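These numbers were taken from a predicted model, which means no experiment stands behind them. Every chain is numbered from 1, with letters handed out A, B, ... down the list of sequences.
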Protein chains: 2
Amino acid sequence: MLIKRSPLLKAVSLIVLLSFAVVSSAQRSRVPEVVYPPQLLSDLAALRDAALTSDYAYRQVAHLTENIGPRMGASPQAEHAVDYVAEQMRLQGLEVRLEEVRLPRWVRGIETAELVHYPGQAPGTTQRVVVTTLSGSSATPAGGITTEVVVVGSFDELKALGREKVAGKIVLFNVPFDKKKAAAGYAGEAYGEAVAYRAAGAKAAAELGAAASLIRSVGGAEYRLPHTGYSVPAGIPAGAVTAEDADLIAHLASQGPVQLHLTLTPQTFPEIVSHNVVADLRGSEHPEQVVVVSGHLDSWDLGTGAIDDAAGVAVAMEAVHLMQELHLHPKRTIRVVGWMDEENGGRGHDAYAKQHAAEMANHVGVLESDLGAGHPMGFIAKINPDAAPLLRPMLEVLRSTGCNALRQTDYSPGSDISPLVKAGVPGFAPMQDSRTYFNYHHTAADTLDKIVPRELQENAAAMAVLAYTLASLPQTLPR
Amino acid sequence: MLIKRSPLLKAVSLIVLLSFAVVSSAQRSRVPEVVYPPQLLSDLAALRDAALTSDYAYRQVAHLTENIGPRMGASPQAEHAVDYVAEQMRLQGLEVRLEEVRLPRWVRGIETAELVHYPGQAPGTTQRVVVTTLSGSSATPAGGITTEVVVVGSFDELKALGREKVAGKIVLFNVPFDKKKAAAGYAGEAYGEAVAYRAAGAKAAAELGAAASLIRSVGGAEYRLPHTGYSVPAGIPAGAVTAEDADLIAHLASQGPVQLHLTLTPQTFPEIVSHNVVADLRGSEHPEQVVVVSGHLDSWDLGTGAIDDAAGVAVAMEAVHLMQELHLHPKRTIRVVGWMDEENGGRGHDAYAKQHAAEMANHVGVLESDLGAGHPMGFIAKINPDAAPLLRPMLEVLRSTGCNALRQTDYSPGSDISPLVKAGVPGFAPMQDSRTYFNYHHTAADTLDKIVPRELQENAAAMAVLAYTLASLPQTLPR
């Protein structure tokens with residue numbers, strides 16, 4: 001179920017989450033000041049300072065992306081990442097469990113396209129179109145399909161064309177990602193507007209009998225770079241062309257008929273048993289109470305998944321690494337989770353929610369970083385409003401790093417933590433500067449060089465300080 | 001001969017040409033003011049204004065790039081572009097000749113690479129490396145070659161390694177394009193520093209017995225985008241990996257042995273007869289005297305050659321289009337030239353220089369636009385210093401468009417006009433803002449969307465006004 005819900009939910013969340021960068025201080029004057037124990041404040045400051053000079057998180061991102069590489073769920077690389085992170089957490093002295101997640105392996109196969117007939121064409125020539133397969137795509141025959149392209153700018157335009165003009169053709173949803181909006185700080189809103197077509201475009205096209213569905217890539221890259229991602233399986237081939245190729249096809253189609261030869265040959269192999277990595281730094285007073293700090297282990301296959309989401313896994317690992325280095329002993333258990341299959345179904349967080357259903361009341365906070373490694377301006381939080389004042393001294397500790405805003409929302413701040421948040425667990429994510437995130441997101445260019453070491457350190461500081469706060473405050477947050 | 005000289009010469013020129021944006025006014029006070037006939041000034045202003053509202057040049061770029069597509073020399077698309085531009089110039093009422101250029105056809109073939117052995121590798125996996133073939137590359141066997149990679153940062157480092165450590169291996173020249181320098185306005189200097197390795201890297205590697213040569217792509221893209229280009233044939237396979245892949249290989253190689261499987265299968269086919277397009281708007285008083293306004297018809301094959309160099313061809317076409325629209329009659333002949341084979345040998349300009357060797361004295365000025373379509377800040381000129389004052393009123397006409405600088409240099413301002421400039425003909429190019437030019441240069445992302453219509457109009461204004469000035473001044477420029 002979540003397979004179909006997850007991407008849309010995520011998109012909707014992002015719209016809300018990324019659209020605001022400044023915390024409202026309306027409530028500030030109405031509640032009494034919260035004071036943390038001096039030792040806690042001193043421990044938090046030590047964590048922050050250690051995070052800002054440590055290279056542990058960066059080395060984890062480097063290993064996951066460069067030595068292991070792309071980590072598509074159920075691939076040998078993803079399995080290797082499970083083992084690697086588990087081993088690293090054991091080396092940090094944590095209690096590590098591998099918790100079962102069953103998922104199929106998806107393999108991209110061939111993805112090519114060329115314009116074979118179009119106005120003004122040089123005799124005997126074709127033009128290459130850069131395309132990538134979306135995960136819900138059916139396969140074309142090995143030799144591809146060749147048919148006319150119909151270009152639309154919205155679901156409404158598609159509907160208006162009707163079955164007669166769509167059946168048997170390739171639909172191209174030419175909906176631009178709003179780069180100006182993203183550059184102005186509303187990247188999530190820009191993403192949300194366009195990603196609806198990635199998720200549901202093929203389904204809408206298939207309902208009118210289309211032979212295949214293409215979208216304009218959802219992202220801000222101007223470098224002939226296709227963005228892949230999840231799409232609802234619709235029984236037809238589904239791909240994403242680059243912004244440049246969408247322009248090309250749209251321009252040519254406005255001049256006369258355009259025929260495209262499209263070959264996409266994805267394959268889905270039987271389910272294997274993979275795992276979430278669950279590693280506990282056991283609490284000294286309330287070991288049964290748990291704070292989750294997490295990122296997802298799997299990535300798309302085009303790039304090496306640095307910003308999405310080796311960075312998230314690495315800052316979660318760094319949080320406990322720093323506590324161990326500083327010999328800090330949280331009262332509650334801090335649990336590092338490396339989620340499996342965030343990208344292509346969310347089976348990892350579904351499995352966790354089932355396996356730990358009885359322990360929801362003991363989950364006192366869940367953190368996930370899954371929006372890159374840009375400078376964090378604070379936190380996005382789905383919490384009881386009465387919990388906010390309890391976090392103020394923690395935010396003050398982070399103020400010097402520029403990470404002291406708190407944006408409360410009605411949605412889960414991360415897709416993997418959404419089942420926990422839905423069960424009432426206070427949920428958090430770093431509120432990263434994501435203005436350039438969607439330039440690289442789900443592309444071959446999501447690579448180590450996109451990580452700015454200092455900003456990764458700031459994210460590690462944010463995750464470590466928040467997690468340690470939730471694990472060490474005298475009381476838990478009201479739910 | 002020029003095949004080997006051209007790219008280095010071009011690089012050296014660019015260093016000098018693009019490194020300065022401000023004209024020296026040292027000479028201004030020493031010479032008497034030059035006054036143009038009022039009618040000429042009025043005609044120039046009319047040309048400028050018409051250029052800034054015309055969409056003719058943009059439509060030419062659109063047709064060349066989107067309807068015709070990539071125009072690798074001797075390809076059917078390049079031949080079609082020759083016919084198209086010739087026909088358009090005939091429609092403008094010009095006398096059109098196709099002048100023979102013999103050149104071989106180069107076809108890229110397969111270009112793939114993968115890391116097959118490296119430190120920390122997940123068992124049973126490999127990693128894709130994004131590579132593109134350089135034009136001087138030999139072909140690998142169809143099944144590719146597999147061997148160790150040696151990473152060097154300079155020719156000196158390679159030499160220091162010596163034959164023993166290089167023979168049989170793949171050399172990677174990991175020399176970064178200086179993006180900060182480019183962003184600061186010194187794009188040509190950044191290009192020149194790195195392109196030396198594209199041109200001569202394979203030769204240096206081959207001399208030490210290397211099995212193949214790779215460079216880090218020469219350009220500023222951060223989007224896993226390889227940049228192709230000319231390289232001196234050295235009898236070994238030669239390619240360019242992306243900046244990200246160069247980083248990846250260099251990092252892994254610093255940890256232990258790295259083996260790469262490389263397949264590049266370029267083919268060179270026998271020479272065909274192609275053409276420069278030469279189209280004359282005949283002068284009313286001195287038809288034997290010629291002002292050339294030009295760009296090159298051929299492009300690399302990865303993109304559609306919008307900034308390199310459909311834009312140059314289009315602004316040259318626009319210059320005469322505007323004169324015809326305004327019923328202007330230059331005293332001297334204005335000759336539009338669409339050069340063939342600028343990218344892969346320069347056989348077009350060699351052929352022109354030979355065919356017109358006897359007419360050099362009657363070439364009174366040569367203009368080429370081959371650095372994109374960014375805002376022109378003025379002109380780069382290889383002229384007798386005494387000619388500069390004669391151009392001042394022309395620059396004043398363009399001042400309102402921000403195009404009034406004159407940068408004099410000792411090198412030819414364009415590669416196709418270099419034989420003419422060497423023969424003493426005053427040579428000019430628009431001095432474009434090229435800060436982002438090398439992000440797209442020689443890549444799949446050199447496409448129509450990179451053209452800013454207003455800036456293309458400014459370039460057309462610059463070319464039209466300068467060409468008409470040279471063709472209509474009472475005297476020709478001193479040489």
Side-chain angles (χ1 to χ4, degrees), chain A residues 62-71 75-84 114-115 118-128 130 219-225 242-252 255-256 301-304 306 436 439-440 443-450, chain B residues 62-71 75-84 114-115 118-128 130 219-225 242-252 255-256 301-304 306 436 439-440 443-450:
Chain A
H63 192 89
L64 287 166
T65 57
E66 296 205 319
N67 296 90
I68 297 178
R71 300 172 304 284
S75 67
Q77 290 94 335
E79 293 308 289
H80 198 62
V82 166
D83 294 340
Y84 172 77
E114 50 182 354
L115 294 166
Y118 48 95
Q121 175 177 27
T125 70
T126 61
Q127 275 197 67
R128 181 173 73 114
V130 179
E222 296 175 342
Y223 291 85
R224 203 92 183 258
L225 189 68
T242 72
E244 289 90 341
D245 290 279
D247 280 347
L248 173 67
I249 295 170
H251 293 168
L252 294 175
Q255 298 167 26
D301 55 334
L302 297 176
T304 58
T436 63
N439 290 1
Y440 305 113
T443 74
D446 178 2
T447 46
L448 180 62
D449 54 300
K450 306 313 179 303
Chain B
H63 191 89
L64 287 166
T65 57
E66 296 205 321
N67 298 89
I68 298 179
R71 302 173 302 285
S75 68
Q77 291 94 333
E79 293 308 289
H80 198 59
V82 166
D83 294 341
Y84 172 77
E114 51 182 353
L115 294 166
Y118 48 95
Q121 176 177 26
T125 69
T126 61
Q127 275 198 70
R128 182 173 74 115
V130 180
E222 295 174 342
Y223 290 85
R224 204 92 181 257
L225 190 67
T242 72
E244 288 91 340
D245 290 280
D247 280 347
L248 174 66
I249 296 169
H251 294 167
L252 294 176
Q255 298 166 27
D301 55 334
L302 296 176
T304 58
T436 64
N439 291 0
Y440 305 113
T443 76
D446 179 1
T447 47
L448 180 62
D449 55 299
K450 306 312 178 304

**OP:** Please identify each residue that fulfils side-chain contact (heavy atoms from CB on, under 4.5 Å) with B:Ala250, with sequence neighbours left out.
**Re:** B:Val151, B:Asn174
Original post:
Have A:Asn67 and B:Gln255 got a donor and an acceptor in their side chains that come within less than 3.5 Å?
Top reply: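 There is such a pair (donor and acceptor under 3.5 Å, judged by atom type) between the side chains of A:Asn67 and B:Gln255.
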Original post:
For the residue pair B:Gly303 and A:Arg224, what are the closest heavy atoms and their distance?
Top reply: CA-NH1, 4.1 Å
Subject >> Side-chain touch A:Tyr118/B:Glu66, heavy atoms, less than 4.5 angstrom >> reply: no
Subject >> Residue, of A:Glu244, A:His63, A:Arg128, A:Gln121, that accumulates the most heavy atom pairs under 4.5 Å with chain B >> reply: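 Ranked by contacts with chain B, first place is A:Glu244.
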Original post:
Hey, which of A:Gly69, A:Pro123, A:Ser75, A:Ala444 has the most heavy atom pairs under 4.5 Å with chain B?
Top reply: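 Top option by heavy-atom pairs under 4.5 Å: A:Ala444.
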Subject >> Close approach to chain A in residues 76-83 of chain B, criterion heavy atom under 4.5 Å >> reply: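 Within residues 76-83 of chain B, near chain A: B:Pro76, B:Gln77, B:His80.
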Below 4.5 Å from any heavy atom of chain A, which atoms of [X] appear? Answer side chain, backbone, both or neither.
X	result
B:Thr126	backbone
B:Thr65	backbone
B:Leu248	both
B:Thr447	side chain

Original post:
When heavy-atom pairs shorter than 4.5 Å are enumerated against chain A, which of B:Thr304, B:Ile68, B:Asn439 gives the highest number?
Top reply: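 That would be B:Asn439.
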